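Okay, structure first, notes after.
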Number of protein chains: 2
Amino acid sequence: MPTISDVAKLSGLSKATVSRVINKHPYIAKEKRERVEQAMKELGYVPNPSARRLRGSTTSTIGVIVPRIVNPFFSYLVNSIEQEAYKSNYQVLMFQSNENKDKELYFLNLLKNRQVDGLIMTSIENDWDVIQPYTEFGPIVLCNEYLMHSKAPIVRLDQAKGAYIGTKHLIDKGYTKIAYCTGGLFAEDGKDKDRNHGYQQALTEAGLSIQTNWIFINKHTIDDGKEVMRQMLAMEERPSAIFTGSDEIAAGVIMEAKENGVRIPEDLAVIGFDDQPIAEIIEPKLTTIRQPINELGEKSVEQLIALMSSKDADYKQIELPVELLVRKST
Amino acid sequence: MPTISDVAKLSGLSKATVSRVINKHPYIAKEKRERVEQAMKELGYVPNPSARRLRGSTTSTIGVIVPRIVNPFFSYLVNSIEQEAYKSNYQVLMFQSNENKDKELYFLNLLKNRQVDGLIMTSIENDWDVIQPYTEFGPIVLCNEYLMHSKAPIVRLDQAKGAYIGTKHLIDKGYTKIAYCTGGLFAEDGKDKDRNHGYQQALTEAGLSIQTNWIFINKHTIDDGKEVMRQMLAMEERPSAIFTGSDEIAAGVIMEAKENGVRIPEDLAVIGFDDQPIAEIIEPKLTTIRQPINELGEKSVEQLIALMSSKDADYKQIELPVELLVRKST
DNA sequence: TAAAAATATGAAACTGATTTCATAAACCAG
DNA sequence: CTGGTTTATGAAATCAGTTTCATATTTTTA
């Protein structure tokens with residue numbers, strides 16, 4: 001494996017000059033630059049990133065932390081980040097935290113050790129207090145997290161509005177018994193507070209009150225959705241509509257409903273969140289809240305690159321709009 | 001950021017001793033080991049991977065190359081790899097090649113430069129001739145690739161059998177006009193040869209001949225599936241069944257079929273591949289070939305770790321069985 | 001009890017790059 | 001023509017670890 005010394009030897013110049021060519025320093029004689037380039041090509045030389053990082057220079061790699069890569073929302077998000085970063089010649093390393101605090105910390109250490117020049121976090125497991133110190137080592141952009149208090153660059157969606165227009169839509173359609181199902185917790189520690197808030201606001205405006213047993217928390221998957229439906233079937237007073245935290249949950253609800261002869265939307269209206277491919281596959285097609293995933297990724301990368309380039313660029317807190325897509329499930 | 005020298009200073013010992021503690025060398029006095037460990041904890045010391053790698057030691061990271069992370073087959077596969085590696089205390093870096101040769105080469109260089117100790121490739125874009133030289137720098141396990149000639153560790157599925165039992169199932173159901181749709185190419189350079197072979201074998205055994213205009217190549221997504229259906233609709237003599245390369249394609253075919261009043265399976269039988277979640281969501285539920293994704297990931301990691309641990313462990317070529325799941329689309 | 005082997009530690013070399021410092025040549029202004 | 005920039009290059013220090021070599025101490029063996 002050729003090193004910079006090999007290139008120096010072959011070109012008859014010093015390591016310093018070779019390094020300068022690699023890093024496009026000014027003040028290199030054209031003839032020598034060409035000699036170096038020729039030698040690099042001849043040897044198939046590739047600089048060793050470990051050595052570069054050790055010396056403190058950047059390597060055009062950014063890291064992305066996702067909680068679960070099998071969740072289509074995140075795989076699409078990380079994909080859009082990757083595409084966008086590639087345009088600016090940045091390489092992306094993806095990490096799955098599996099909603100595990102220690103793994104998250106491990107990845108944060110990659111920033112500390114300069115394995116990556118910057119980090120995009122699409123989920124947060126540890127408290128901001130423990131994450132914040134790592135920003136000393138490189139910029140961290142929060143993407144899709146609805147952390148409230150932190151002074152940090154954030155690109156997120158208007159979750160509150162999403163929940164609000166979804167719930168409002170159900171109310172406008174005449175439904176009054178509206179259940180709510182969330183991926184996170186309900187009003188605990190500010191996380192997910194946004195969505196809850198939109199749901200509550202829509203109900204309050206319509207003079208409806210909140211039934212706590214119609215609130216389902218910590219639901220994520222299709223199977224979770226099926227289970228929610230089963231729980232609803234067992235209730236004396238069943239909701240006539242449900243606002244869910246993701247299309248996957250919604251799909252599970254619908255599948256289980258059909259199994260049990262519950263008609264959608266006559267007996268139960270269902271609204272999803274994300275507009276994933278399954279929203280158009282399931283029968284009836286799913287009314288859902290579309291999130292602009294690509295923009296979410298693009299803006300995050302954009303901001304991260306800005307922060308990496310100039311050390312004291314201002315951070316922004318960007319909120320992107322969501323949109324109601326009415327299909328057949330409501 | 002504390003370094004090994006800080007730890008050495010605080011514990012009153014040399015860098016060498018600290019390094020020995022970190023790497024669990026034998027012959028360290030218990031008392032000194034404890035002093036070092038105490039100092040490390042006190043400083044919140046984390047070894048810098050760049051420095052370690054530079055000196056040539058391993059860092060318990062493995063890389064996984066996937067073509068497209070938004071494809072559920074690959075996101076589930078990479079997930080299972082991650083889970084399995086984690087059990088053995090290996091960290092996983094995921095890379096998306098986007099079916100791009102240059103990106104793939106970039107990731108192979110990570111192996112060359114010791115950024116990762118080993119590599120699992122779930123797709124290969126370059127010829128094996130260009131990949132092979134990289135095995136000098138660390139083991140490469142091919143996972144899910146059906147490369148024929150290469151002498152390399154491979155964990156794959158019995159693709160030929162999958163295509164064979166799928167096609168055979170259609171024949172047994174009485175269909176004779178069977179189209180075929182593949183993600184790769186048809187019989188070009190040995191890639192994908194397996195599946196094609198199974199399809200051809202089943203047809204031949206039944207005395208059916210191959211209609212070349214019923215072969216669709218390079219199809220991957222739901223939209224591709226819709227397009228395939230549109231092409232079939234435009235044909236004078238339409239197939240009465242189709243074997244597709246993935247559940248996504250199959251879903252697209254079915255969606256477009258329904259739009260156009262083509263009944264599934266009466267007018268057109270559809271069979272998928274993968275058994276992804278959408279297979280059970282789409283109506284009618286999809287007959288498909290189940291692939292043991294988790295085992296695929298587990299075996300790959302298992303073999304990679306074996307190869308990394310002992311330099312001259314024998315490589316294996318493992319083939320896992322696939323299984324026909326009959327639902328309602330055939 | 002002396003020699004050999006095992007245990008334990010540190011100084012210094014080394015990994016592959018970048019950067020500082022020193023220096024020299026070419027160019028320019030006064 | 002002389003002194004100050006600008007351009008151009010290399011030697012050596014540096015980054016944070018690991019490993020070799022040397023050496024000292026303790027334990028085992030003959």
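Naming: A, B, ... by sequence-line order, numbering from 1 per chain. Predicted model, so just to flag it, every value in this text is computed and none were measured. Note: hydrogens, waters and symmetry copies are ignored here, and every other heavy atom, side chains too, is used.
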Practice problem: Indicate, with a heavy-atom threshold strictly under 4.0 Å, whether Val46(B) touches base, sugar-phosphate, or nothing. | Solution: sugar-phosphate

Exercise. Measure the distance from CZ on Phe137(B) to P on dG16(C) and round it to the nearest whole Å.
Key: 12 Å

Quiz item: So with a 6.0 Å cut-off around NZ of Lys112(B), is the heavy-atom count from everything else above 12?
Solution: yes

Self-check item: Nearest-angstrom distance from the residue atom CD1 of Ile4(B) to P of dA11(C)
Solution: 13 Å

Exercise. Starting at atom CG of Asn113(A), determine the distance to atom P of dC15(D), rounded to an integer number of angstrom.
Key: 16 Å

Quiz item: Tell me: NZ of Lys15(A) to P of dT18(C), nearest whole Å?
Solution: 10 Å

Quiz prompt | Side-chain donor/acceptor contact of Arg55(A) with base of dT14(D) under 3.5 Å | solution = yes

Quiz item: Where each residue is assigned the nucleotide of DNA chain C containing its nearest heavy atom, which of Arg20(A) and Ser5(A) is assigned the position nearer the 5′ end?
Solution: Ser5(A)

Quiz item: So with a 6.0 Å cut-off around NZ of Lys299(B), is the heavy-atom count from everything else above 12?
Solution: no

Practice problem: Identify whether any heavy atom of Ser19(A) sits under 4.0 Å from a base atom; if not, whether one sits that close to sugar-phosphate; answer base, sugar-phosphate or nothing. | Solution: base

Quiz item: Separation of Asn48(A) atom CG from dT15(C) atom C1', in whole Å?
Solution: 9 Å

Quiz item: ring-ring contact (aromatic ring centres under 6.0 Å, His included): which pairs involve residues 43-98 of chain B, sequence neighbours left out?
Solution: Phe95(B)-Phe107(B)

Quiz prompt | Sidechain N-carboxylate O distance under 4.0 Å for Arg35(B), Glu31(B) | solution = yes

Quiz item: Cut-off 3.5 Å, side chains only: do Thr59(B) and Arg53(B) have a donor facing an acceptor?
Solution: yes

Practice problem: Looking only at non-hydrogen atoms, find the nearest pair between Tyr134(B) and Leu108(B) and report the distance. | Solution: CD2-O, 3.5 Å

Quiz item: Thr17(A) side chain: which of dT9(D), dG10(C), dT18(C) is closest?
Solution: dT9(D)

Quiz item: dA8(C) P sits how many Å from Leu13(B) CG, rounded?
Solution: 13 Å

Practice problem: For Arg52(B) and dA17(C), give me the distance from atom CZ to atom P, rounded to whole Å. | Solution: 20 Å

Exercise. Would you check if the side chain of Glu104(A) reaches a backbone N or O of Asn126(A) as a donor-acceptor pair within less than 3.5 Å?
Key: yes

Quiz item: Using the C1' atoms of the five pairs at each end, what is the angle between the end axes of the helix from dT1(C)-dA30(D) to dG30(C)-dC1(D), to 10°?
Solution: 30°

Exercise. Using a cut-off of strictly less than 4.0 Å between a heavy atom of the residue and any atom of DNA chain D, enumerate the qualifying residues of residues 23-41 of chain A by number.
Key: Tyr27(A), Ile28(A), Ala29(A), Lys32(A)

Practice problem: List the atom of Ile4(A), the atom of Lys15(A), and the distance in Å for their closest heavy-atom pair. | Solution: CD1-O, 3.7 Å

Quiz item: Think Ser14(B) has a side-chain N or O under 4.0 angstrom from the OP1 or OP2 of dG10(C)?
Solution: yes

Exercise. Give a yes or no on whether a salt bridge exists between Glu84(B) and Lys87(B), defined as a side-chain N under 4.0 angstrom from a carboxylate O.
Key: yes

Quiz prompt | d(CG, Asp6(A); P, dG16(C)) in whole Å | solution = 9 Å

